[in-house]
Structure formats: C-alpha cells, structure tokens
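Everything below concerns the one structure shown next.
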Amino acid sequence: MDVDPLADTAPPRHAIESDDEDEYDSPAAQPKPDQLSIPDVKFIGNFPTKSPLLLASGIAGEAWARGTNLGQQQGSIQVGGSQVGLLFMPSWTHAAVVVSETFTRLPLSAMNCYAAAVIDRLQPTSISVLDTYSIQGYISPKVISWDEAPVRYLSTNAIPISDPELELFAPPNLLQSTTASLASNIFWKSLRSTESYAATLLLLPSPKLPVQPPTTIKPSSFPPSDHVQWSKKTMQKVHQWLFDVIGEGENIVQWVENISGSSGLQNANRDLARGEIGEGGMYI
C-alpha cells in the first residue's frame, strides 16, 4: 500500500505492519495524577515541637547512629503502615533526632508527603540532615577519588562552619531523595512565613551509584553500611557539624566508633527481624 508522506495523520498500523498479533490491543490505561494514592503518614509517640531537628537518613544515618548514644526509641513515623522514621530524644541535647529510611525506603511518590508531614508535625526551629552523595555520579571539573572525596553540604542559609574539608554540593548536581524534599519544603515554608527557617544537608561521599527508589512502600533489604567505611575522624567531624548548624554544638556527647551500634537502633533492628516494625510495632 502506498503511504502519502504529506498526509495530516499517521497511516493505519496495518498499512505498515500487519503480522503483529497485538495490533488491535489497546494500550494499558495509565492512572491519572488525581488517581494516585497518597500514603498515610502517622506519628506514634510523643513528638516535640519547636525544637531543633537532626534527621539521619539511609546508610549514612545507620553508620552515624552506631556511634551515637541515642538512648531508647521514643516514637516512630509510619508511612503506609511501614515504619520509616525512629524518634530519639537524647538527654544531652535539646534536638529531636530522627533516624530515617534505615528499614524502609520510600518511593518518589511518597518522599514529599513524608517530608512535609515531618515539618508540619515537629515545626522544627532548624534542621540538620545527614545523607550521602555518589562520587561516581558527581559532576566536577576534576576526577576525585574515593579516598579524597570531601563531605559536601547544601543549605538554605549560610552555615556557621569554615572548614576546608567541607565543600559545597555544587550545581549542576542534583539530589533525588527524601532529604532533598525536606530541604525543599523548608525553603518554601520560609518564603511563606515571616519566621526564619533553615535546613542544612551534610552529605557523606559514597563510592556506590545511587540506588533507584522502590516503586512501593515496604521494608527493604539494604546492603550493610559496613560496605561503606567512613573514617573515625570524618564521622566525628560530621557529628560535630550536625549539631553546630542547629545551635546545639556545645557539650554534646562525642561520636565513638562502635560496631554493635546504639541500643535503640539494635532493638528496632530486632523488631524488624521479627516482623513487628512492618506491622506497626516499635520499641520504647
């Protein structure tokens, strides 16, 4: 069959190929944006408000928590019935500490609603966040090896730290994570309010490529954070910076290298192994 190249519409499919069995199959219907379900975010426990917030996420959060005396878990944040955040209230700081996404990773569709819910519920006066960035995917004028990669930061305000070992997470690099959603929400909140809000992200270098977010909310199997070993010196510096940027840098308990980890995180891990966390259980 001859096909007119000047025709306004594409020719019928059978005019080009007629031997496919699926030529009459209709394409799968895609859900409309308003049909996508928004996961329910629940806060269990006594969450403080109007306090500084430190949120440690993923493998960086797990590695940091192993060397920090957090005490026992005081609450949890559940998304779609799965525990995503663990609340700790150490006696040696006024800051609320949330260890996030060490058990359950969030899909892209849930990151923003989780971040917004955390900010709305806790109403933090300032936020410091610990996460990672991939040195393999980082765009820079020169190639940086794993052992020379610096800790990087992003902040909505100027930070009270001057250290050559801390460098800016510079454009055109992007973060696609829950912690990025948290910083974005704080930025937009500050534009709509007369109050001052600040969020600072401290990013540990990771030799691994970024892991794609899951498509659903469910407990995930993470590679052990032992696979990324940051030096004791680096972790101690980052520990101090996390509290410096929220005004809690004085008289903090030092970070101590500890393979077994904090007791609160250990108990939460045991609950996960028994299947209790996915069902809403938590340790207090």
Side-chain angles (χ1 to χ4, degrees), residues 43-78 83-104 114-115 117-119 121-132 151 153 159-161 178-179 182 186 197-204 225 230 232-272 277 281-284:
F43 294 81
I44 300 175
N46 186 20
F47 281 77
T49 58
K50 304 291 184 180
S51 298
L53 170 64
L54 190 160
L55 187 141
S57 182
I59 60 173
E62 183 185 348
W64 172 79
R66 286 206 312 263
T68 308
N69 181 17
L70 296 176
Q72 295 183 346
Q73 183 184 348
Q74 301 297 316
S76 70
I77 308 173
Q78 296 183 4
Q83 185 167 226
V84 176
L86 312 177
L87 171 69
F88 297 92
M89 296 294 297
S91 59
W92 42 269
T93 178
H94 296 102
V97 176
V98 173
V99 180
S100 182
E101 291 189 272
T102 57
F103 305 125
T104 304
Y114 172 76
V118 169
I119 293 171
R121 177 61 181 267
L122 275 70
Q123 302 175 40
T125 54
S126 57
I127 301 177
S128 64
V129 178
L130 179 64
D131 207 339
T132 60
V151 178
Y153 76 93
I159 63 173
I161 300 173
T178 305
T179 53
L182 196 72
I186 279 289
Y197 296 94
T200 301
L201 276 61
L202 297 178
L203 306 170
L204 288 167
S225 57
W230 294 285
K232 179 180 178 180
K233 178 184 175 183
T234 296
M235 294 303 296
Q236 287 178 335
K237 275 201 167 188
V238 167
H239 177 75
Q240 184 67 49
W241 292 339
L242 284 167
F243 288 94
D244 283 343
V245 297
I246 56 175
E248 289 286 317
E250 295 184 5
N251 303 319
I252 64 170
V253 172
Q254 295 301 308
W255 189 89
V256 179
E257 196 169 26
N258 186 354
I259 301 302
S260 61
S262 68
S263 61
L265 202 61
Q266 281 183 311
N267 282 305
N269 271 309
R270 284 196 292 268
D271 290 344
L272 177 62
I277 287 179
M282 56 172 279
Y283 178 86
I284 294 180

| task | Without swapping roles, check the side chain of H239 against the backbone of V253 for a donor-acceptor pair under 3.5 Å. | result | yes
Between the CD1 atom in I252 and the CG atom in L242, the distance rounded to the nearest 0.5 Å is 8.5 Å
Sub-3.5 Å donor-acceptor pair from the side chain of E257 to the main-chain atoms of G67, do we have one?
no
Mind checking whether T68 and V97 have side chains closer than 4.5 Å, heavy atoms only? no
What do the steps show when you test Q74 against N46 for side chain to side chain contact (heavy atoms under 4.5 Å, CB included), and what is the final call?
CA-CA 7 Å; Q74 301 297 316; N46 186 20; over 6 Å; no
In terms of heavy-atom contacts, L204 and A60 come closest through CD1-CB, 3.9 Å
Measure the shortest side-chain to side-chain distance between V99 and L70 over non-hydrogen atoms and say whether it is less than 4.5 angstrom.
yes
Nearest heavy-atom approach of A95 to I246 is CB-CD1, 3.8 Å
Are L202 and W64 close enough, and set up right, to give a side chain to side chain contact (heavy atoms under 4.5 Å, CB included), and what steps lead you there?
CA-CA 12 Å; L202 297 178; W64 172 79; over 6 Å; no
Residues passing the side chain to side chain contact (heavy atoms under 4.5 Å, CB included) test with E250, sequence neighbours excluded, are none
* **Side-chain heavy-atom pair N251, W92 within 4.5 angstrom cut-off** => no
Practice task
Report yes if some heavy atom in the side chain of Q83 is under 4.5 Å from a heavy atom in the side chain of I44; otherwise report no.
Solution key: no
CD (E62) and OG1 (T102) are apart, to the nearest 0.5 Å, by 6.5 Å
One should read off an interatomic distance between Y153 OH and I161 CD1, to the nearest 0.5 angstrom, of 9.0 Å
When rounded to the nearest 0.5 Å, the distance separating OG1 of T200 from CD1 of I159 is 6.0 Å
*Does the pair F43 and L87 meet the rule for a side chain to side chain contact (heavy atoms under 4.5 Å, CB included), with working shown?*
CA-CA 10 Å; F43 294 81; L87 171 69; over 6 Å; no
State, with a plain yes or no, whether a side-chain heavy atom of V98 is found less than 4.5 Å away from one of L55. yes
For a 4.5 angstrom cut-off between non-hydrogen side-chain atoms, does V245 reach P160? yes
- So do E248 and H94 actually touch side chain to side chain, heavy atoms under 4.5 Å? yes
Correct closest heavy-atom pair for S57 and E101 would be OG-OE1, 3.9 Å
For T178 and Y114, the nearest pair of non-hydrogen atoms, with its separation, is CG2-CD2, 3.4 Å
>> Using modelled atom types and a 3.5 Å cut-off, is there a donor and acceptor pairing between side-chain atoms of Q236 and backbone atoms of W255?
In response: yes
Worksheet item: Are T104 and V84 close enough, and set up right, to give a side chain to side chain contact (heavy atoms under 4.5 Å, CB included), and what steps lead you there?
Response: CA-CA 5 Å; T104 304; V84 176; 4.2 Å; yes
So V151 and T234, do their side chains get closer than 4.5 Å, heavy atoms only? yes
So CZ of F88 and CG of N69: to nearest 0.5 Å the spacing works out to 11.0 Å
Residues P48 and A96: closest non-hydrogen pair is CG-CB, 3.7 Å
Interatomic distance, CG@L122 vs CD1@I77, rounded to 0.5 Å, equals 6.5 Å
